[in-house]
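On a predicted model such as this, the values are computed, not experimentally measured, just so you know.
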Amino acid sequence: MSTVELTKDNFDQIMTDNDFVLIDFWASWCGPCRQFAPVYEAASERHGDLVFGKVDTEAQTELAAAFQIQSIPTLMVVRDKVAVFAQPGALPEAALEDVIGQARELDMEAIRASIAENAAGGSEGGQQQG
């Protein structure tokens, strides 16, 4: 699958319809972004079961602001509507594959439980080990 251009108009729908989305925040004037683009595109071909999106930070300033993008390129991985990875900088192919592999192995139930606990103001004393 090739990459999908993400815009403020289609972003919510793509996040709702897909459990695993990688997002490349980029701009056409950015040298490292242009270097990362073929690595990202090649990964999208190898991982056809995942959605690889691209956000042009110049055209989609609202999305860039919503995610507090400070530098580009920034790679973000969203699983089950939860951002599980975000890092600026152009990744080499091996590092990108490693990030994808680690994201695939995440226990999303445990992550959601941790988020719920933090949202509820979970205290140290209330945690149980199982």
Side-chain angles (χ1 to χ4, degrees):
M1 171 185 236
S2 60
T3 58
V4 176
E5 189 67 32
L6 298 176
T7 67
K8 65 180 183 174
D9 296 327
N10 71 1
F11 189 87
D12 288 340
Q13 190 66 50
I14 288 176
M15 290 298 133
T16 299
D17 292 349
N18 298 282
D19 295 335
F20 198 131
V21 182
L22 292 93
I23 307 169
D24 174 22
F25 291 89
W26 69 286
S28 60
W29 52 263
C30 166
C33 298
R34 289 193 306 271
Q35 290 175 327
F36 181 57
V39 172
Y40 191 72
E41 187 71 34
S44 77
E45 298 295 333
R46 284 191 301 274
H47 299 277
D49 59 321
L50 308 180
V51 174
F52 284 72
K54 293 179 75 70
V55 174
D56 180 346
T57 58
E58 296 290 298
Q60 302 299 321
T61 55
E62 291 175 36
L63 283 178
F67 286 97
Q68 301 176 348
I69 301 303
Q70 301 288 321
S71 62
I72 52 175
T74 289
L75 176 68
M76 184 174 290
V77 179
V78 178
R79 285 228 15 226
D80 299 340
K81 301 170 195 62
V82 176
V84 296
F85 177 87
Q87 177 178 310
L91 295 175
E93 183 178 325
L96 179 56
E97 288 297 321
D98 186 49
V99 166
I100 292 169
Q102 288 185 47
R104 283 186 187 275
E105 294 173 8
L106 289 173
D107 180 347
M108 291 309 294
E109 287 186 28
I111 290 173
R112 279 191 292 279
S114 176
I115 291 169
E117 182 178 314
N118 289 338
S123 65
E124 298 273 333
Q127 293 181 352
Q128 294 182 347
Q129 298 296 321

Minimal non-hydrogen separation, [X] against [Y], with atom names:
X: Pro73; Y: Cys33; answer: N-SG, 3.5 Å
X: Gly53; Y: Tyr40; answer: O-OH, 2.7 Å
X: Ala27; Y: Thr57; answer: CB-OG1, 3.7 Å
X: Lys54; Y: Ala37; answer: NZ-CB, 4.3 Å
X: Ala86; Y: Met76; answer: CB-CE, 4.0 Å

Main-chain N/O of Glu5 paired to Asn10 side chain as donor or acceptor, under 3.5 Å
yes
Between [atom1] of [X] and [atom2] of [Y], what distance do you get to the nearest 0.5 Å?
X: Gln60; Y: Phe67; atom1: CD; atom2: CZ; value: 12.0 Å
X: Thr61; Y: Ile69; atom1: OG1; atom2: CD1; value: 12.5 Å
X: Phe25; Y: Gln70; atom1: CZ; atom2: CD; value: 12.0 Å
X: Phe20; Y: Lys81; atom1: CZ; atom2: NZ; value: 14.0 Å
X: Arg46; Y: Glu41; atom1: CZ; atom2: CD; value: 11.0 Å
X: Ile100; Y: Leu96; atom1: CD1; atom2: CG; value: 4.0 Å

pair [X]-[Y]: side-chain heavy atoms closer than 4.5 Å:
X: Asp49; Y: Arg104; value: yes
X: Trp29; Y: Ile72; value: yes
X: Thr3; Y: Asp24; value: no
X: Leu75; Y: Phe85; value: yes

Do Met108 and Val84 pass the side-chain contact (heavy atoms from CB on, under 4.5 Å) test, and can you show the C-alpha distance, the side-chain angles, and the key distance before you say yes or no?
CA-CA 9 Å; Met108 291 309 294; Val84 296; 4.0 Å; yes
Under the criterion side chain to side chain contact (heavy atoms under 4.5 Å, CB included), which of Val21, Val77, Asn18, Leu22 is the partner of Leu50?
Leu22
Crowding at NZ, Lys8 (>12 non-hydrogen neighbours, <6.0 Å)
no
side-chain contact (heavy atoms from CB on, under 4.5 Å) between Phe11 and Ile23, intermediate numbers included
CA-CA 10 Å; Phe11 189 87; Ile23 307 169; 3.9 Å; yes
Could you see if Trp26 belongs to whatever hydrophobic cluster contains Leu91? Use Ile, Leu, Val, Met, Phe, Trp, Tyr and a side-chain cutoff under 4.5 Å.
no
